[in-house]
Amino acid sequence: TTVYLKQFPAVIPINQISYYFNKVISLFVMIEKIKVISTKKGEEMAFITGSDETGVTEFVFFPRIYKQYSNLVKGNLCVINGRVEKRLNELQIVAQKVEVIKENSK
């Protein structure tokens, strides 16, 4: 992944997200897990677990955003842009934009 990092100098390693609470940041991650749920309104949203060399974090894709990026799959390398928030004492990133850098070729 270091090859790609040169292309994205603004990305932040996962182990440093706590310094960016309530700020919008970009992370370069590999998608580890995707959990899709339905909201009370019946819309799909997702919790996506992503990792880099420094750690693992969770991204929240609310329905409007998930609709745009529902083609994401485990193993994709992505730059995810989002706001660092806290939920149940855990930091998470509310996704706003995703750029898939390398698709997982099954």
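Note that these values count all heavy atoms, side chains included, but never hydrogens, waters or copies made by symmetry. Counting from 1, the numbers follow the sequence of the chain as shown.
The side chain to side chain donor-acceptor pair (under 3.5 Å) test applied to Q96 returns no partner, not counting sequence neighbours. Every residue two or more places apart in sequence or in another chain that forms a side chain to side chain donor-acceptor pair (under 3.5 Å) with T54 is listed here: D52. Remark: R64 engages no residue in a salt bridge (charged side-chain N to carboxylate O under 4.0 Å, His left out) (not counting sequence neighbours). Partners of T57 according to the side chain to side chain donor-acceptor pair (under 3.5 Å) rule, which considers only residues two or more places apart in sequence or in another chain, do not exist here. Under the side chain to side chain donor-acceptor pair (under 3.5 Å) criterion, S51 pairs with E32, not counting sequence neighbours.
Taking CD1 of I80 as the reference point, atom CD1 of I31 lies at 5.5 Å (rounded to 0.5 Å). Atom CG of N104 is separated from atom CG of N76 by 6.0 Å, given to the nearest 0.5 angstrom. Atoms OG1 and CD, on T49 and Q92 in that order, are 11.0 Å from each other to the nearest 0.5 Å.
Note: the hydrophobic cluster containing M30 does not contain I93 (ILVMFWY, side chain heavy atoms under 4.5 Å, direct or indirect links). If you chain together hydrophobic residues whose side chains sit under 4.5 Å apart, V79 and I25 never meet in one group. Under the 4.5 Å side-chain heavy-atom criterion for ILVMFWY residues, no single connected hydrophobic cluster contains both I101 and F61.
Among residues at least two apart or in separate chains, salt bridge (charged side-chain N to carboxylate O under 4.0 Å, His left out) pairs with a member in residues 75-95 are E58-R87. Sequence neighbours left out, not one pair with a member in residues 38-51 passes salt bridge (charged side-chain N to carboxylate O under 4.0 Å, His left out).
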Please tabulate, for side-chain N and O atoms in residues 11-21, each donor-acceptor pair with protein atoms closer than 3.5 Å (sequence neighbours left out).
none

Would you list the atom pairs, donor with acceptor, under 3.5 Å between side chains in residues 66-73 and any protein atom, with sequence neighbours excluded?
unit_1: Y69; atom_1: OH; unit_2: V98; atom_2: N; d: 3.3

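Hydrophobic clustering, defined by side-chain heavy atoms of Ile, Leu, Val, Met, Phe, Trp and Tyr closer than 4.5 Å, groups F47 together with I37, M45, V60, F62, V94.
For the residue pair V100 and C78, the shortest heavy atom distance occurs at CG2-SG, 4.1 Å.
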